Q: 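I'd like to ask some things about the structure below.
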Amino acid sequence: MLENIAIAIKKGEQIYDLQTAHALGIEGESVHYDNSPDALEVIRHSTAHLMAQAIKKLYPEAKFFVGPTVKEGFYYDFKVEHEIGEGDLKRIEKTMLELAKNKDEIVRIELPRKEVEAKFAGDHLKQAVMSRIVDEKLTVYKQGEFEDLCRGPHLPNTKFVRFFKLTKIAGAYLGGDSNNEMLTRIYGIAFADKESLVNYITMMEEAEKRDHRKLGNELKLFTFREEVGAGFPIWLPAGARLRSRLEQLLYKAHRKRGYEPVRGPEMLRSDLWKVSGHYQNYGENMYFTHIDELEFGVKPMNCVGHIKMYEEDLRSYRDLPIKYFEYGVVHRHEMTGALHGLFRVREFTQDDAHIFCTADQIESQVMEVMDFVDRIMKSFGFQYNMMLSTRPEKAVGEDAVWEKATTALRNAMERNGLVYKVDEGGGAFYGPKIDIKITDAIGREWQCGTVQLDFNLPERFALEYTGEENNKIQPVMIHRAILGSFERFIGILTEHYAGEFPLFVAPTQVAIVPIAESHHAYAKAIAARCIDEGIDTEIYAKNDSLNKRIRTAEKSKVPMLIVLGDEEVANNSVAVRDRRERTQYNMSLDAFITLIKEKMSEIHF
RNA sequence: GCCGGCAUAGCUCAGUUGGCUAGAGCAGCUGAUUUGUAAUCAGCAGGCCCGGGGUUCAAAUCCUCGUGCCGGCACCA
């Protein structure tokens, strides 16, 4: 019944609430009370207001900043004298429901700026809001006793606010500026019907089950310890096996594309970081130490080491492009509040490479990297999109050089028909970049790989190669990482696959369950043969019931499970159990091993 | 770094207004059982209640300072 009710008017791209449409005589298409993006915009905005009304009722001294809708619902930023925590959300929700029962009309009042300024004279937050608006006429919305400066659009009546949930409470800086005071922010979500709300909550719970911190712990992939230090991951055997699989696959892929493996030192003299500009531009993220009298910086990036390798010989145009790659361990001082499982750590390993090439080779090199990226991301079933980031405020080099580099990246992308968005000011301090953002199985976006074009470091280190006419020319550097870091990427993979890794990266390929002690020897023989074939196994031979051991093996999320009894020993076969299908079938050991090897070799980058 | 919350056994969690020897399930160990496809039974062991300082006759519980974690903000692979 509710879905037939119009709650707003849409004209062109603009949504007007009924109050505004009426006041200004606007006509257009009706927006009905449903879960369309337009309707949710209005519903969520009004839910935010109802929340503010409830907060005002519970905390009369409350002052409000802004309460917009966002991709996932809405929030309202406000300030109260009381301390307010997660436990208070329920109370606020309850008050909201009570208020909605009043079925208050939501009234739009248009007033001259001066009057509104006077109305909110004692409210520094509202003054802050108004300072950002240039209009001379402002609107105030009123429902019951509560009124708030707002441009809308809003529902006609608070009775339409029914299916909502307050989800998070957190601090947020006024205007998103860390120099400003901190306000309290409450996030919430709202829908036009109960079912959608329930679905949303279920989705959230699904995401929680995939949390790599939880799965990493359960599957014993990695751990963190307070006494070791925040942000320093410890890779346990299962996680290290998974990681090693990735490393090996990628090693081959790099060699195939003409990259040379190299290895730079963990610490380099600070003088070098001064030449590169890291000392001045990235120093606050770096760790420094002294050896005798000299200051050293622990590397936050691998480029300087690779530059030294380039300098190791005289280079000719015939040598270019030179491609160095390294699983480079870097340390960065991340702020405590930024640390988050494997996604943000202070020590991580990049699948890093630097391509030294001529200006003419930029486009083909960038495209080759893009192709590499495409190959890898598709293997994991990731969708991805790209973002071009331009000169940041803190940067080295001439504007003209930046311009040239940015144009080169643009051209490379456009000539090859690649679609990208632009992030103005998001580049690295030494050059513009293209970031690769992947979308995982449940639709979340993650920043992984990056391709950065750099004219500055070659300049600063006076790199050169000999040209065709025996002249000295400065090479161009392309910094690139594809996974980004093994830490983050494995975190993403864990959530993407919900811990059920495909055969080619799984820590263990085959779980072996011998039925009785008399089958242990056969199990061990299979395990030994598997190692020879590059397959990792785990034998479940504890003194537990067969059912228990199968259950334990299943819960470990190993892709293949085989059961061995008299029959299998006699026939040199295995009983394969499919975890997903819960079916089973027998095959010869040889056929089984061939099958696993085939499945594993299907993936190569 | 900022705001708010949290920290009890290897893991997940109980533990009342401060009050006896801090509990449970899973995991671990020992024994019995030797199993044909998702939890066999019994017993045992396991704790500086995150760390330092304080309040109190008495602290896992209250206060305080650290450390770490969680949710956001700000910052970024």
Side-chain angles (χ1 to χ4, degrees), chain A residues 75 77 79 82-89 167-187 211 213-214 217-218 220 223-231 282 284-285 300-301 328 330 332-352 389 392 426 428 433 435-437 446-450 481-489 491-492 513-520 540-555 561-568 575-579 582-584 586:
Chain A
Y75 67 79
D77 283 353
K79 197 172 169 73
H82 293 69
E83 280 203 348
I84 173 165
E86 212 148 316
D88 298 304
L89 294 184
T167 50
K168 286 170 231 173
I169 180 162
Y173 294 110
L174 191 158
D177 184 340
S178 58
N179 296 315
N180 289 342
E181 66 176 307
M182 181 154 277
L183 308 174
T184 304
R185 172 176 296 181
I186 296 180
Y187 284 92
D211 191 314
R213 293 166 299 186
K214 184 173 166 316
N217 187 237
E218 281 170 16
K220 300 203 183 306
T223 187
F224 291 91
R225 304 204 130 232
E226 185 176 341
E227 65 270 31
V228 170
Y282 204 76
E284 55 203 27
N285 291 304
M301 300 184 194
V330 295
R332 296 184 186 175
H333 178 70
E334 297 292 344
M335 285 191 281
T336 46
L339 301 176
H340 181 100
L342 288 181
F343 290 163
R344 278 294 273 286
V345 291
R346 288 182 173 150
E347 189 224 68
F348 58 97
T349 306
Q350 297 178 304
D351 60 327
D352 204 4
S389 301
K433 60 176 181 172
D435 286 329
I436 291 101
K437 295 201 165 159
W446 304 102
Q447 145 100 59
C448 287
T450 179
I482 295 178
L483 305 186
S485 82
F486 284 93
E487 284 73 11
R488 174 175 291 180
F489 194 75
I492 295 167
V513 182
I515 289 174
E517 227 166 298
S518 55
H519 314 123
H520 286 186
Y540 290 79
K542 266 186 25 187
N543 187 14
D544 279 328
S545 69
L546 176 65
N547 281 347
K548 178 60 180 291
R549 285 179 289 133
I550 285 173
R551 179 183 150 85
T552 310
E554 293 288 12
K555 282 182 52 168
L561 174 66
I562 56 176
V563 179
L564 311 173
D566 289 341
E567 199 186 311
E568 285 72 27
V576 182
R577 181 186 155 101
D578 191 300
R579 181 158 49 86
R582 288 208 183 186
T583 54
Q584 54 200 70
N586 272 67

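Letters A, B, ... mirror the listed sequences (proteins, then strands); counts begin at 1. These numbers come from a predicted model, not from an experiment.
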Q: Can you list everything that forms a ring pair (Phe, Tyr, Trp, His ring centres under 6.0 Å) with A/Phe348? Sequence neighbours excluded, please.
A: none
Q: Any stacking of A/Phe348 on B/A77, going by centres under 5.5 angstrom and planes within less than 30 degrees?
A: yes
Q: Looking at every strand, decide which applies to A/Glu487 at a 4.0 Å heavy-atom threshold: base, sugar-phosphate, or nothing.
A: nothing
Q: Within the pair A/His340 and B/G71, is there a side-chain N or O less than 4.0 Å away from OP1 or OP2?
A: yes
Q: Is the base of B/G1 touched by the side chain of A/Tyr173 through a donor-acceptor pair closer than 3.5 angstrom?
A: yes
Q: Hey, does the Lys NZ or Arg CZ of A/Arg185 hover above the aromatic six-ring of A/Tyr75, less than 6.0 Å from the centre and inside 45° of the axis?
A: yes
Q: Check every atom of B/G68, B/G72, B/G36 against the side chain of A/Ala230 and return the nucleotide holding the closest atom.
A: B/G68
Q: With a 4.0 Å cut-off on heavy atoms, is A/Glu517 in touch with a base, just the backbone sugar-phosphate, or nothing at all?
A: base
Q: Please work out if A/Glu347 contacts a base, only the sugar-phosphate, or nothing of the nucleic acid, heavy-atom cut-off 4.0 Å.
A: nothing
Q: What residues form a side chain to side chain contact (heavy atoms under 4.5 Å, CB included) with A/Lys555, not counting sequence neighbours?
A: A/Arg551
Q: Answer with base, sugar-phosphate or nothing: what part of the nucleic acid does A/Lys437 contact at a heavy-atom distance below 4.0 Å?
A: nothing
Q: Can you check the distance between B/C65 and B/A77, where both ends of the measurement are the C1' atom (answer in whole Å)?
A: 34 Å
Q: For A/Leu546, report the nucleic acid contact type (base, sugar-phosphate, nothing); a contact means any heavy atom under 4.0 Å.
A: sugar-phosphate
Q: Base, sugar-phosphate, or nothing: which does A/Glu227 touch, judged by heavy atoms less than 4.0 Å apart?
A: nothing
Q: List for me each residue that meets side chain to side chain contact (heavy atoms under 4.5 Å, CB included) alongside A/Lys548, sequence neighbours excluded, and say none if there are none.
A: A/Asp544, A/Ser545, A/Thr552
Q: Report the residues that fulfil side chain to side chain donor-acceptor pair (under 3.5 Å) with A/Tyr173, sequence neighbours left out, ordered by chain and then residue number.
A: none
Q: Assign A/Tyr187 to base, sugar-phosphate, or nothing according to its heavy-atom contacts below 4.0 angstrom with the strands shown.
A: sugar-phosphate
Q: Hey, could you give me each pair passing salt bridge (Lys or Arg N to Asp or Glu O under 4.0 Å) that has a residue in residues 341-350 of chain A? Not counting sequence neighbours.
A: A/Glu334-A/Arg344
Q: When all nucleic acid strands are considered with a 4.0 Å heavy-atom cut-off, which category describes A/Gly176: base, sugar-phosphate, or nothing?
A: sugar-phosphate
Q: Checking A/His520 now: which residues fulfil ring pair (Phe, Tyr, Trp, His ring centres under 6.0 Å) with it, not counting sequence neighbours?
A: none
Q: Hey, does A/Val345 reach any base, or is it just sugar-phosphate, or nothing, if we go heavy atoms under 4.0 Å?
A: base
Q: Would you indicate what A/Ser485 reaches in the nucleic acid, counting non-hydrogen atoms under 4.0 angstrom: base, sugar-phosphate, or nothing?
A: base
Q: Who passes side chain to side chain donor-acceptor pair (under 3.5 Å) against A/Asp566, sequence neighbours left out?
A: A/His519
Q: Applying a 3.5 angstrom cut-off to the pairing atoms, does RNA chain B sit in any stems of at least three consecutive Watson-Crick or G-U pairs? List them by first number.
A: B:1-7 with B:67-73, B:10-13 with B:23-26, B:28-32 with B:40-44, B:50-54 with B:62-66
Q: For nucleotides 5-12 of chain B, just jot down a letter per nucleotide in 5' to 3' order: B, S or -, based on protein non-hydrogen atoms under 4.0 Å.
A: S-----S-
Q: Under 4.0 Å: is that the gap between some side-chain N or O of A/Arg549 and OP1 or OP2 of B/A39?
A: no
Q: Between A/Arg344 and B/C70, is there a contact of a side-chain N or O with OP1 or OP2 at under 4.0 Å?
A: no
Q: With the side chain of A/Arg551 defined as its heavy atoms from C-beta on, choose the nearest nucleotide among B/A39, B/U40, B/G36.
A: B/A39
Q: Assess whether a salt bridge exists between A/Asp435 and A/Lys433, defined as any Lys/Arg side-chain N lying under 4.0 Å from an Asp/Glu carboxylate O.
A: yes
Q: Go through the structure and list residues passing side chain to side chain contact (heavy atoms under 4.5 Å, CB included) with A/Asn285, not counting sequence neighbours.
A: A/Tyr282
Q: Please classify the nucleic acid contact of A/Ala575 as base, sugar-phosphate, or nothing, using heavy-atom distances under 4.0 Å.
A: base
Q: Apply side chain to side chain contact (heavy atoms under 4.5 Å, CB included) to A/Asn180 and list each qualifying residue two or more places apart in sequence or on a separate chain.
A: A/Leu174, A/Asp177
Q: Touch check for A/Arg488, heavy atoms < 4.0 angstrom, all strands: base, sugar-phosphate only, or nothing?
A: base
Q: Please determine whether a side-chain nitrogen or oxygen atom of A/Lys168 lies at a distance below 4.0 Å from atom OP1 or OP2 of B/C70.
A: no
Q: Pick out the pairs of N or O atoms, protein on one side and nucleotides 26-31 of chain B on the other, that lie under 3.5 Å.
A:
from: B/A27; atom 1: OP1; to: A/Lys548; atom 2: NZ; distance (Å): 2.5
from: B/G28; atom 1: OP1; to: A/Lys542; atom 2: NZ; distance (Å): 2.5
from: B/G28; atom 1: OP2; to: A/Lys542; atom 2: NZ; distance (Å): 3.1

Q: At less than 4.0 Å, is any side-chain N or O atom of A/Ser545 found next to OP1 or OP2 of B/U40? Yes or no.
A: yes
